[in-house]
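Residue numbers begin at 1 in each chain, while the letters A, B, ... track the order of the sequences.
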2 protein chains.
Amino acid sequence: MTEKTESQHTADKITKTAFHHGDLKEALLHACYLVISEQGAEHFSLADACRRAGVSTAAPYKHFRDRDEILAILIARGFEMMTEQLQARVTEAGRGTLPGIVAMGHAYIEFAVTEQHIFRLMFGRNPELKQEARALKSGTDCFTNVIEEVAIFCAAQEYTGDPKPLAVRLWTFVHGVACLQIDEDYDVVAPETDVMAMIAATTPNLLADVLQS
Amino acid sequence: MTEKTESQHTADKITKTAFHHGDLKEALLHACYLVISEQGAEHFSLADACRRAGVSTAAPYKHFRDRDEILAILIARGFEMMTEQLQARVTEAGRGTLPGIVAMGHAYIEFAVTEQHIFRLMFGRNPELKQEARALKSGTDCFTNVIEEVAIFCAAQEYTGDPKPLAVRLWTFVHGVACLQIDEDYDVVAPETDVMAMIAATTPNLLADVLQS
DNA sequence: CGCGTAAGTTAGTTGCGTTAACTTATACGA
DNA sequence: TCGTATAAGTTAACGCAACTAACTTACGCG
């Protein structure tokens, strides 16, 4: 009898998929997302999210194992959002082209900036969170996608080497940009930096081996 | 009374610069450093550090404004350590040379790995911590040093362009490596990655403009 | 030698995460 | 149709951490 009632009744029963609240599970996830987006995961308090959702602080435990499970779900969703956005941008700019690769880099930064705190959560050192099945899967899926796009690019450029190390390089650089940007370290030390321009300028350097062929 | 006889008033009073404990301030900082090194700043509890130092949980407030001041001091010291280590390595490998630049990158990674949690603290998004005067100063000093070394390299290579954007590029890449390495993201997604080799291989690409001249 | 105060203490407040025990209301079977 | 098992909420309590207040100790100086 531990059905989910969400997908089960949706067909016949449109309203009231859940009991008292409507859909507290999702409402709590959204509240947590909002709190984290505003205050950062470091200062995130589950009790705060409960207040916003208008329920007691014990309510979440009817839907989640603990605080960490909620964070793991938000991490997983973050990676899914990121994957979608990267895909959209590379498709738009042209798969298998240099502008396509650059566009993915730009999309990475945009995601990191607009979803700063979720991004920090996704890439922070939280071994117990990131080893959660969902978070782990959506994370690896996201990067698998990047490798795939770089592989398509390599093929289009008739580069016969292994695309994976190149993907790692590109990812590393763009990730460095994202971290330093959202941590405001550029602002302190090199405020003149135009990160988007830097990515566009540096990507060809990182792909020099491919572009020469 | 277990005096430490550290040097604070040094000149007039040699012994017993501190009262009851010896030098609780320093002892607490060390205890906090240990706790963070073991458990990470996220799970760091000041009370835990107090227990290790053998004092009550109220004791720190005679020496520090609050928890955050301690963290800010540790951040500042982290940057100072890092600066020293980068300097030592570039000097050893040769200032103004490509191996020197690569050595700095390697030293950056080594620091990030051996001082994982302090590194995370240094570069995490903690606006209120990083704006602390000491932390801010030692952080900018650290990067100023990197720029200086890149400038020396550029001069040695007779490159007439601005060295700063190059330094930013190098820093960005190496920082990306450091983050992904300590967050164990490479392990999940590209475990074959040899980060030191990657830095050695990629640095010339990032410095292509200089090396061509 | 006595006093001021630096440097500790204990005890109390607040807030969070979590659990236990209780209550409510819904879905399903007799 | 109704009764009941249970899903989904509640309140109340526990332990722990950050911090504060009020008290105590003992060093150092005049």
Side-chain angles (χ1 to χ4, degrees), chain A residues 1-29 31-32 35-36 39-72 74 126 128-129, chain B residues 1-6 8-29 31-32 35-36 39-72 126 128-129:
Chain A
M1 278 302 167
T2 60
E3 314 291 62
K4 282 284 178 181
T5 68
E6 299 166 17
S7 52
Q8 185 194 14
H9 288 190
T10 38
D12 40 340
K13 280 268 186 178
I14 314 153
T15 55
K16 287 197 180 174
T17 63
F19 297 64
H20 301 76
H21 179 279
D23 191 356
L24 183 56
K25 181 165 185 173
E26 202 53 46
L28 275 173
L29 283 170
C32 290
V35 174
I36 291 176
Q39 306 174 353
E42 301 81 29
H43 305 114
F44 161 66
S45 127
L46 181 52
D48 194 357
C50 289
R51 252 164 266 140
R52 298 205 192 194
V55 294
S56 72
T57 61
Y61 297 89
K62 299 295 170 179
H63 298 278
F64 307 99
R65 188 175 17 73
D66 58 7
R67 191 178 180 277
D68 280 359
E69 188 185 350
I70 297 180
L71 295 181
L74 292 179
N126 308 313
E128 65 278 3
L129 295 189
Chain B
M1 279 296 154
T2 70
E3 13 261 28
K4 286 267 190 147
T5 60
E6 298 290 322
Q8 197 158 10
H9 299 179
T10 46
D12 38 340
K13 276 281 176 178
I14 313 153
T15 57
K16 287 196 183 173
T17 64
F19 296 64
H20 301 77
H21 178 278
D23 190 356
L24 183 54
K25 182 166 186 173
E26 203 53 44
L28 275 173
L29 283 171
C32 291
V35 173
I36 291 177
Q39 307 175 351
E42 302 80 30
H43 306 114
F44 160 66
S45 125
L46 181 52
D48 194 358
C50 288
R51 252 164 265 141
R52 299 207 191 192
V55 292
S56 71
T57 61
Y61 298 90
K62 299 293 171 181
H63 298 279
F64 307 99
R65 190 180 11 63
D66 56 11
R67 191 176 180 278
D68 281 359
E69 187 184 349
I70 296 180
L71 295 180
N126 309 313
E128 66 279 4
L129 295 189

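Put simply, CZ on B:F64 is 12 Å from P on C:dA7, counting in whole angstrom units. Spacing between atom NZ of B:K62 and atom C1' of D:dA22 amounts to 9 Å, rounded to whole angstrom units. Between the CD atom of B:E42 and the P atom of D:dA17 there is a distance of 16 Å, rounded to whole Å. To the nearest angstrom, C1' of D:dC27 lies 16 Å from CG of B:L24. One atom, CG of A:L28, and another, P of D:dA8, lie 12 Å apart when rounded to the nearest Å.
Legend: residues meeting salt bridge (charged side-chain N to carboxylate O under 4.0 Å, His left out) with B:E42, ordered by chain and number and at least two apart, are absent. Remark: A:A47 pairs with A:S45, A:R51, A:T57 by the side chain to side chain contact (heavy atoms under 4.5 Å, CB included) rule, at least two apart or across chains. A:E26 pairs by the side chain to side chain contact (heavy atoms under 4.5 Å, CB included) definition with A:D23, A:L29, A:R77, not counting sequence neighbours. With sequence neighbours left out, the side-chain hydrogen bond (donor to acceptor under 3.5 Å, both in side chains) criterion links A:E69 to A:R134. Residues forming a side chain to side chain contact (heavy atoms under 4.5 Å, CB included) with B:A49 (at least two apart in sequence, or on another chain): B:A31, B:C32, B:V35, B:F44.
Atom CG in A:L46 sits 9.5 Å away from atom CG in A:D66 (nearest 0.5 Å).
The side chain of A:H63 approaches D:dG9 more closely than any other nucleotide in the set C:dT10, D:dG9, D:dT11.
The shortest distance between the side-chain N/O atoms of B:S56 and the OP1/OP2 oxygens of C:dT9 is below 4.0 Å.
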Under 3.5 Å, which protein N or O atoms sit close to an N or O of nucleotides 15-17 of chain C? Give each pair with its distance.
{"unit_1": "C:dC16", "atom_1": "OP2", "unit_2": "A:R51", "atom_2": "NH2", "d": "2.8"}
{"unit_1": "C:dG17", "atom_1": "OP1", "unit_2": "A:L46", "atom_2": "N", "d": "3.0"}
{"unit_1": "C:dG17", "atom_1": "OP1", "unit_2": "A:R67", "atom_2": "NE", "d": "2.8"}
{"unit_1": "C:dG17", "atom_1": "OP2", "unit_2": "A:L46", "atom_2": "N", "d": "3.0"}
{"unit_1": "C:dG17", "atom_1": "OP2", "unit_2": "A:A47", "atom_2": "N", "d": "2.9"}

